[in-house]
Amino acid sequence: MARFSTESAEVARRLRDGMAGGVLSFPLTSFRDDGGLDVESYRAYLTAQLATAPGAVFPACGTGEFFSLDEDEYRAVVAATVEIADGRLPVVAGIGYGWAQALRFAGIAEEAGADAALVMPHYLVSAPQDGLVEQLRRIAAGTSLPLIVYQRGQVAFSAGSLRRIADIPTVIGLKDGHSDLDRLQRLTLAAPDDFLFFNGASTAEIQARAYATVGVPAYSSAVHAFAPGIANAFFTALRDNDDKRTTALLREFYVPLVELRDRVPGYAVSLVKAAARLRGLPVGPIRAPLTDPGPDDLALLSEILDAGQSLAEAAPRPV
């Protein structure tokens, strides 16, 4: 007997096929210098991003500054993404806050034509397992969109809770941002075979090999938001078991990037946006409460980016 609804099963199939062939893209949201949404620049930016063949696109999520968008801006971003994607790959829109507000965003995403929604961690408070499950049940009851739940921060599911949310016909997967491989292995073993798992750690490539050992090879790539060539080079090296190339990219690009990222709170997003601007991409400034990097960090970021580009452009060694 099918566990998913027919629509959810089809979205899950498309996501599974997509993540086997490319990284999961989490695009930035373009703003003008005055802080307003710049839809036309976003359209140009996203068109270029999708030309690099990601496996799926997740607009208005963490990298896309969901937390700073009002509902009209969110609608514009998701609608533009759906139009540009034009059915070529799944569009998974971010939703979040408490269940009532998450449903407002889910309704907008559904009307805009999104294929699914990523349920990001709720606001502020910690909650027991029963509450985490009930919140997801309430969201699922109020939207027909297939749902992927993002466990990070104050949201962490037990194996028992994972079984309960997997029984919800529109819940198709889980994105993990905790990097607790013991817990994650327990979750993958508790889940049905058709349940999807995604590596959602910050700069997920750093831990991609470790996640793959517990059965979670798919990952989101913030690097794809500013340097798709580097992200795709790493994905290909990892897929082809090219350990030498994978290690070189980690050592010379990803580790220095993460060390810079860890210097300042919020750099997981603002550094990504700064790197996109360094490459001439039309994304504009970051929104408060995040801040743009200073001159010294920008200079170091430029050096790291150059090193990564050189590695990505070098011909891979035969396996």
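Hydrogens, waters and symmetry mates are skipped; everything else that's a heavy atom, side chains included, is used.
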Side chains of [X] and [Y]: donor-acceptor distance under 3.5 Å anywhere?
| X | Y | result |
| --- | --- | --- |
| Glu7 | Ser144 | no |
| Ser179 | Gln207 | yes |
| Thr203 | Arg261 | yes |

Check the pair Leu257 / Val223 against side chain to side chain contact (heavy atoms under 4.5 Å, CB included), numbers first and verdict last. CA-CA 10 Å; Leu257 180 67; Val223 170; 3.9 Å; yes
Side chain to side chain contact (heavy atoms under 4.5 Å, CB included) with Leu118: which of Ile95, Ile148, Leu147?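 The residue from Ile95, Ile148, Leu147 that satisfies side chain to side chain contact (heavy atoms under 4.5 Å, CB included) with Leu118 turns out to be Ile148.
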Under the criterion side chain to side chain contact (heavy atoms under 4.5 Å, CB included), which of Tyr42, Phe66, Phe26 is the partner of Pro59? Tyr42
Kindly indicate, with the supporting measurements, whether the criterion side chain to side chain contact (heavy atoms under 4.5 Å, CB included) is fulfilled by Val216 and Leu184. CA-CA 9 Å; Val216 184; Leu184 185 58; 4.0 Å; yes
Report yes or no: does [X] contribute a side-chain atom to a donor-acceptor pair with the main-chain N or O of [Y] at less than 3.5 Å?
| X | Y | value |
| --- | --- | --- |
| Ser30 | Pro282 | yes |
| Lys175 | Arg152 | no |
| Gln154 | Ala127 | no |
| Ser302 | Ala299 | no |
| Tyr211 | Phe198 | no |
| Thr29 | Gly64 | yes |
| Glu73 | Asp70 | yes |
| Thr236 | Ala233 | no |
| Asp115 | Val91 | yes |
| Thr188 | Gln185 | yes |

Check: [Y] and [X] side chains under 4.5 Å, non-hydrogen atoms:
| X | Y | result |
| --- | --- | --- |
| Asp297 | Leu260 | yes |
| Val171 | Val119 | no |
| His122 | Leu132 | yes |
| Val92 | Leu24 | no |
| Ile84 | Arg43 | yes |
| Leu162 | Gln151 | no |

Closest heavy-atom pair and its distance - [X], [Y]:
| X | Y | answer |
| --- | --- | --- |
| Leu103 | Arg138 | CD1-O, 3.8 Å |
| Thr291 | Ile286 | C-CG2, 3.7 Å |
| Ala116 | Val11 | CB-CG1, 4.0 Å |
| Pro256 | Ile304 | O-CD1, 3.6 Å |
| Gly35 | Arg287 | O-NH2, 2.8 Å |
| Ile168 | Arg137 | CD1-CG, 3.6 Å |

Nearest 0.5 Å please: distance from the [atom1] atom of [X] over to the [atom2] atom of [Y].
| X | Y | atom1 | atom2 | value |
| --- | --- | --- | --- | --- |
| Phe226 | Leu301 | CZ | CG | 7.0 Å |
| Ile230 | Leu305 | CD1 | CG | 5.0 Å |
| Lys273 | Thr63 | NZ | OG1 | 10.5 Å |
| Arg75 | Leu37 | CZ | CG | 12.5 Å |

Is [X] atom [atom1] crowded by more than 12 heavy atoms from other residues, nucleotides or ligands, each under 6.0 Å away?
| X | atom1 | answer |
| --- | --- | --- |
| Asp33 | CG | no |
| Arg186 | CZ | no |
| Arg239 | CZ | yes |
| Arg251 | CZ | no |

Taking NZ, NE, NH1 and NH2 as the nitrogens, is one of them in [X] or [Y] under 4.0 Å from a carboxylate oxygen of the other?
| X | Y | value |
| --- | --- | --- |
| Asp167 | Arg164 | no |
| Asp194 | Arg13 | no |
| Arg183 | Asp176 | no |

Relative to each other, are the rings of Tyr219 and Phe235 parallel, tilted or perpendicular (30° and 60° limits)?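 Tyr219 and Phe235: tilted rings.
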Are Val149 and Leu145 co-members of a hydrophobic cluster defined by side-chain heavy atoms under 4.5 Å apart? no
Indicate, with yes or no, if Val255 and Leu249 share a hydrophobic cluster defined by side-chain heavy-atom contacts under 4.5 Å among Ile, Leu, Val, Met, Phe, Trp and Tyr. yes
What verdict does the side chain to side chain contact (heavy atoms under 4.5 Å, CB included) test give for His224 and Asn232, after you've listed the backbone C-alpha separation in whole Å, the side-chain angles of each residue and the deciding distance to 0.1 Å? CA-CA 8 Å; His224 186 272; Asn232 288 341; 4.1 Å; yes
Quick one: which of Tyr74, Trp99, Phe67 gives a ring-ring contact (aromatic ring centres under 6.0 Å, His included) with Phe105? Tyr74
So Gln129 and Ser161, side chain to side chain donor-acceptor pair (under 3.5 Å) or not? Walk me through it. CA-CA 7 Å; Gln129 291 293 308; Ser161 294; 2.6 Å; yes
Might you work through the side chain to side chain contact (heavy atoms under 4.5 Å, CB included) test for Glu205 and Leu238, ending with a clear yes or no? CA-CA 9 Å; Glu205 287 92 341; Leu238 189 67; over 6 Å; no
Answer with yes or no after comparing the ring centroid distance for Phe234 and Tyr254 against a 6.0 Å cut-off, counting only values under it. yes
For the ring pair Tyr97 and Tyr123, is the centre-to-centre distance below 6.0 Å?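 No.
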For Arg14 and Asp17, run salt bridge (charged side-chain N to carboxylate O under 4.0 Å, His left out): C-alpha distance rounded to whole Å, both residues' side-chain angles, the deciding distance at 0.1 Å, then the answer. CA-CA 5 Å; Arg14 292 181 65 205; Asp17 290 347; over 6 Å; no
